[in-house]
Protein chains: 2
Amino acid sequence: MNLSVAEENYIKSIYKLEESQESVTTTGLAYELDTKPASVTDMAKKLKEKKLIDYEKYQGINLTSEGKKAALHIIRRHRLWECFLVEKLAFSWEEVHELAEELEHVRSEKLINRLSEFLGNPTIDPHGDPIPDAQGKMGKQRTQVSLDQARARRLEVTAVSDKSTALLEFLTAKGIRLGSQLEIIERYEFDNSIEIKIRNQPAFTISEQVSKNIMVRPL
Amino acid sequence: MNLSVAEENYIKSIYKLEESQESVTTTGLAYELDTKPASVTDMAKKLKEKKLIDYEKYQGINLTSEGKKAALHIIRRHRLWECFLVEKLAFSWEEVHELAEELEHVRSEKLINRLSEFLGNPTIDPHGDPIPDAQGKMGKQRTQVSLDQARARRLEVTAVSDKSTALLEFLTAKGIRLGSQLEIIERYEFDNSIEIKIRNQPAFTISEQVSKNIMVRPL
DNA sequence: AATAAAATTTAGGCAAATCTAATAAATTAA
DNA sequence: TTAATTTATTAGATTTGCCTAAATTTTATT
């Protein structure tokens, strides 16, 4: 199956939305891809034709198993390039997403498998997300919840959902990275902000918007 | 200046043709890009508009100094990726050209400069071609001639002009690579074929078509 | 110099991916 | 359960990059 860059981006976004939400809507996908609903409808017809999605007028969009397989291959490429950029070229985690968005569209099984090998077949990327293997199989996500819903008091950061430079720069500035050990000091019901503390540094407060995007596991 | 992939490929091909020939014609460029003359005319108008080429109807095409600068940046990306593929991912020299054709279109100064550094700032690529530096400056090509025109008897292979898999596989099969030391045994005027010998291996004959594409320097 | 041949350009079209504006369906609210 | 609102789709254009066929210009030949 030969996909255009545009088609690959649609498949990837549909996968991403399916992962978090229940249903993928025309408007939601348009928002995710920074395009217009009319464009999404057009592309939906094409992807249905290629049997990558199930789609009926007004009924929303779902990846077929073939679509899912395609998505996992794209995600594999994306995450392996992110690893390369961070580990070999010393980029920081907030810089790699945009670059990987471009590199992921170079379609060569051999290239990507060699790259994986070169990197020691990593299983998680710089944002804590699992990397599908050559067959598209993804290691179980470690049981993790977002920080705003965590029940334990002492937690370890396992991943970050939002890959925007803005969030990642903020986290870096606050000293939060993968593996950071946090202690919840206080939860403020008014705006759902949380006061947290890392090691023996002074405590600070983060908004709900931020805590929703930090994935953690109890320590 | 933001160039599309198509525009970058045109610029690169024009540069390549200017390097070898004297004038770049519509038909020649169409052949190089595996497209039609009419398409070249269309694109010529666009590139002229962008001040990357000098172009007047029926008068052929020439890169402006800005066009040349753009070409050197693309070539730098191409050749650095080739180095990466060969040195880090263990690809052979006949496999890397096609992959680099795709990777070269990822436009990030930072990425390419980090990559260069990671590779130890190489100055020649796996086919013996010089790599432009970050400013687009290229180290002088070592004085080299193609094998069919070489006057000395003992020669060293410094580069290969044609990057086709077909030629490179042939050379590999014959044991010819960068740095190989050749001895010319005989030249046959009839078809301009040449009998050569490497080290203490048996001599063999290569066609003019092949020898034209092997660059050498006298030993 | 006139004509034939080759090279180049123009005209008109097509496919991909997008857009805006208009329409239709589904959902929510009154 | 109508009406209002939101969501989704269609219709019709646009841009980029390419094409074929026809026309034009340049170059080569007699």
Side-chain angles (χ1 to χ4, degrees), chain A residues 1-14 17-18 20-63 67 70-71 74 101-102 104-107, chain B residues 1-14 17-18 20-63 67 70-71 74 101-102 104-107:
Chain A
M1 180 73 62
N2 231 355
L3 301 182
S4 68
V5 169
E7 289 169 335
E8 287 198 342
N9 284 332
Y10 272 86
I11 293 293
K12 198 168 45 126
S13 290
I14 295 166
L17 292 180
E18 272 189 357
S20 48
Q21 305 169 19
E22 57 305 326
S23 66
V24 179
T25 65
T26 304
T27 319
L29 188 50
Y31 181 80
E32 176 68 27
L33 284 159
D34 194 23
T35 184
K36 297 291 181 296
S39 308
V40 172
T41 302
D42 286 348
M43 183 61 95
K45 288 176 189 162
K46 208 184 339 168
L47 294 177
K48 179 195 168 133
E49 195 55 42
K50 292 194 173 194
K51 298 193 196 304
L52 294 166
I53 62 171
D54 290 323
Y55 167 68
E56 295 300 333
K57 266 192 185 188
Y58 297 105
Q59 297 314 127
I61 291 168
N62 292 287
L63 289 178
I74 303 164
E101 293 274 284
E102 302 205 43
E104 75 191 3
H105 299 298
V106 176
R107 281 164 286 257
Chain B
M1 180 71 64
N2 233 357
L3 301 182
S4 68
V5 169
E7 289 168 334
E8 287 198 341
N9 284 331
Y10 271 86
I11 293 294
K12 198 170 44 130
S13 291
I14 296 166
L17 292 180
E18 273 188 356
S20 49
Q21 306 169 17
E22 56 307 324
S23 67
V24 179
T25 65
T26 303
T27 319
L29 188 50
Y31 180 78
E32 176 69 26
L33 284 159
D34 194 23
T35 182
K36 295 292 180 295
S39 307
V40 171
T41 302
D42 286 349
M43 184 60 95
K45 288 176 188 162
K46 213 192 324 174
L47 294 177
K48 180 195 168 131
E49 196 54 45
K50 292 194 172 191
K51 297 191 199 303
L52 294 166
I53 62 172
D54 290 323
Y55 167 69
E56 294 302 332
K57 265 191 186 187
Y58 297 103
Q59 298 313 126
I61 292 168
N62 293 286
L63 289 176
I74 302 163
E101 293 274 285
E102 301 204 47
E104 75 189 4
H105 299 299
V106 176
R107 280 163 288 258

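Order of the sequence lines fixes the chain letters, A, B, ..., with proteins taken first and strands second; residue numbering starts at 1 for each chain. Because the structure is a prediction, the values reported are computed rather than measured. Both backbone and side-chain heavy atoms feed into the values below; hydrogens, waters and symmetry mates do not.
When the options B:Glu7, B:Glu32, B:Glu101 are evaluated for a side-chain contact (heavy atoms from CB on, under 4.5 Å) with B:Lys12, the one that passes is B:Glu101.
When the side-chain nitrogen and oxygen atoms of B:Ser39 are compared with OP1 and OP2 of D:dC19, one or more of them lie within a distance under 4.0 Å. At the phosphate of C:dT10, neither OP1 nor OP2 sits under 4.0 Å from any side-chain N or O atom of B:Tyr58. The side chain of B:Lys45 places an N or O atom within less than 4.0 Å of a non-bridging phosphate oxygen (OP1 or OP2) of C:dT10. Applying the 4.0 Å criterion to OP1 and OP2 of C:dT8, one finds that B:Lys36 has every side-chain N and O outside that range. Taking side-chain N and O atoms only, A:Tyr55 has a distance below 4.0 Å to OP1 or OP2 of D:dT9. Contact annotation: A:Thr35 reaches the phosphate of C:dC19 (side-chain N/O to OP1 or OP2, under 4.0 Å).
Counting to the nearest Å, the C1' atom of D:dT26 and the NZ atom of B:Lys57 are 13 Å from each other. B:Asp34 places its CG atom 11 Å from the P atom of D:dC18, with the value rounded to the nearest Å. Between the CD atom of B:Gln59 and the P atom of C:dA7 there is a distance of 16 Å, given to the nearest Å. Atom-to-atom, CE of B:Met43 to P of D:dC19 comes out at 11 Å; the value is rounded to the nearest Å. We find that CG of A:Asp42 is positioned 12 Å from C1' of C:dT20, with the value rounded to whole Å. Atom pair B:Glu56:CD and C:dT8:C1' shows a separation of 14 Å (rounding to whole Å applied). Rounding to whole angstrom units, OH of residue B:Tyr31 and C1' of C:dA6 are separated by 18 Å. Atom CG of A:Leu33 is separated from atom P of C:dC19 by 10 Å (rounded to the nearest Å).
Heavy atoms of B:Thr26 sit under 4.0 angstrom from primed sugar atoms or phosphate atoms, though from no base atom. Using a 4.0 Å heavy-atom distance criterion, B:Ala38 is classed as a base contact.
A:Ile61 places none of its side-chain heavy atoms less than 4.5 Å from the side chain of A:Leu17.
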From CA spacing to verdict: side-chain contact (heavy atoms from CB on, under 4.5 Å), A:Tyr55, A:Thr41: CA-CA 10 Å; A:Tyr55 167 68; A:Thr41 302; 3.6 Å; yes
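Across A:Asn62 and A:Glu18, no two heavy atoms sit closer than the pair CA-OE2, 3.0 Å.
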